[in-house]
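A short worksheet on the structure shown next.
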There are 2 protein chains.
Amino acid sequence: MARMSSVDRRGELIHAALRVIAAKGVAGATTRAIVAEAGMSLASFHYAFTSRDEMMRELIAFVVENETNAVFAEIDFGRDIRETLRNGLQGYFLNVQADPGHEQVMFELLQYALRTPDLADLAREQYARYHAAVIELLHAAEKNANVVWSLPVEEIARTIVAITDGLTLAWLADRDSAASARVMDFAADSLARLATVSEPVRTKEHVL
Amino acid sequence: MARMSSVDRRGELIHAALRVIAAKGVAGATTRAIVAEAGMSLASFHYAFTSRDEMMRELIAFVVENETNAVFAEIDFGRDIRETLRNGLQGYFLNVQADPGHEQVMFELLQYALRTPDLADLAREQYARYHAAVIELLHAAEKNANVVWSLPVEEIARTIVAITDGLTLAWLADRDSAASARVMDFAADSLARLATVSEPVRTKEHVL
DNA sequence: GTCTATAAAGTGATAGAC
DNA sequence: GTCTATCACTTTATAGAC
């Protein structure tokens, strides 16, 4: 087989590992399954990585890094803040339904990280990134709808992440899409209450 | 070693397995680790269970069955519905903080069930029970605070389970107790809005 | 750098003595 | 019923030919 730079091979193995994990779970991602998926020999794995643990650490760092806010990025700002929130949540959820495996993998990797002492920092970072992504979104929504949040955005972001995680877990278990959609409606309503119409910037004579 | 009825030995092995899972995760719960914890020989395991899979199925059914609403059972009804909700959520969360391993095990078992085709029904049942337990609580709170819920209790229950699951996952990752507590306060406020003061049963002359 | 072959340890499950 | 010993297999990791 053709030569390949070390970084390329590492990346290729990580992507192959992610495909294997999606199909068979973390437990099924053996070095043999991964090299078979990548079309390499077993020895090539250990040429690229000193151990399976090392690869798993790099893999988790990779997914945490690349857990794009793609879902949120393509958010559809509606007429008001409630619609923005609703669109964001429903958009996220459509994505979960379209590719349930992806979120399941993220949950599995989170638990793997929580179980592996060396990887605890990655679990923390994973949530820091989720929260940061949502905070950014909340600021964008704030500007777009001309409102200000009456609670710290950190707090609102944590609530949104909790709702999406919780809804996703329950949906993965019972696949009740209708019930999940209604919960998101309620969540959007409740969160929208936290936005108050911002005073437009005016001169002093305009009081009330 | 003394003889033991088959059901006793199965129960003992399941409890030993739960201790092993708490300490080392589902992946670490090998038949050898389990019998070592239970103080039995490896052969005894296969005398009680035909296979490890059979035991895992029974173990999950057991924890789902016994995922008592203990947390919720000892709920402290406050002065009003908001306090009841707040006490319920904070009470649950104190329990998570006191024994983080327990919830982590529940999440791991959920994912194990989701990955094992034969066990998908157990995952569904797990959430059906969570939802049912919270619904029962919502009815109790309704009576206690003399209010009626303006949304179907199924919907409210799903929201509460989603919030608790989501908060627990984030807390397991970053251990930010203060932030979690604030989210629960907001959740209690939002949910309390769904309770409207119920019309006391009166005769017709009392209009408004 | 990439391969085959194999080492060393761990896995679930079973046979057969007692 | 309970044990020891072992089978058959899989795992990660490495040695050594090319």
Between [options], which one does the side chain of [X] approach most closely?
X	options	result
Ser41(B)	dC3(D), dT11(D), dT2(C)	dC3(D)
Ala43(B)	dA13(C), dG1(C), dT4(D)	dT4(D)
Arg52(A)	dT2(C), dA13(D), dT11(C)	dA13(D)

Starting at atom [atom1] of [X], determine the distance to atom [atom2] of [N], rounded to an integer number of angstrom.
X	N	atom1	atom2	result
Phe49(A)	dA13(D)	CZ	P	12 Å
Leu13(B)	dG12(C)	CG	C1'	14 Å
Tyr47(A)	dT2(C)	OH	P	7 Å
Ile34(A)	dT11(D)	CD1	P	11 Å
Leu42(B)	dG10(C)	CG	P	14 Å
Arg10(A)	dT2(C)	CZ	C1'	17 Å
Glu54(A)	dT14(D)	CD	P	12 Å

Take Glu58(B) and Arg10(B) through the salt bridge (Lys or Arg N to Asp or Glu O under 4.0 Å) test and state the conclusion after the steps. CA-CA 9 Å; Glu58(B) 204 154 300; Arg10(B) 286 164 80 99; 2.6 Å; yes
Could you give me the CA-CA distance, side-chain angles and deciding distance for Ser44(A) and Ser41(A), then say whether side chain to side chain donor-acceptor pair (under 3.5 Å) is met? CA-CA 5 Å; Ser44(A) 293; Ser41(A) 76; 3.3 Å; yes
One thing to verify: whether Arg57(B) and Asp121(B) come together as a salt bridge, which I'm taking to mean a side-chain N less than 4.0 angstrom from a carboxylate O. yes
Within the pair [X] and [N], is there a side-chain N or O less than 4.0 Å away from OP1 or OP2?
X	N	result
Ser44(A)	dC3(C)	yes
Thr31(B)	dG12(C)	yes
His46(A)	dT14(D)	no

According to the interplanar angle, ranging from 0 to 90°, do the rings of Tyr130(B) and Tyr127(B) count as parallel (below 30°), tilted (30 to 60°) or perpendicular (above 60°)? perpendicular
What do the steps show when you test Arg158(A) against Asp174(B) for salt bridge (Lys or Arg N to Asp or Glu O under 4.0 Å), and what is the final call? CA-CA 11 Å; Arg158(A) 197 180 185 89; Asp174(B) 70 12; 2.9 Å; yes
Side-chain donor or acceptor of Arg32(B) under 3.5 Å from a matching atom on the base of dG10(C)? no
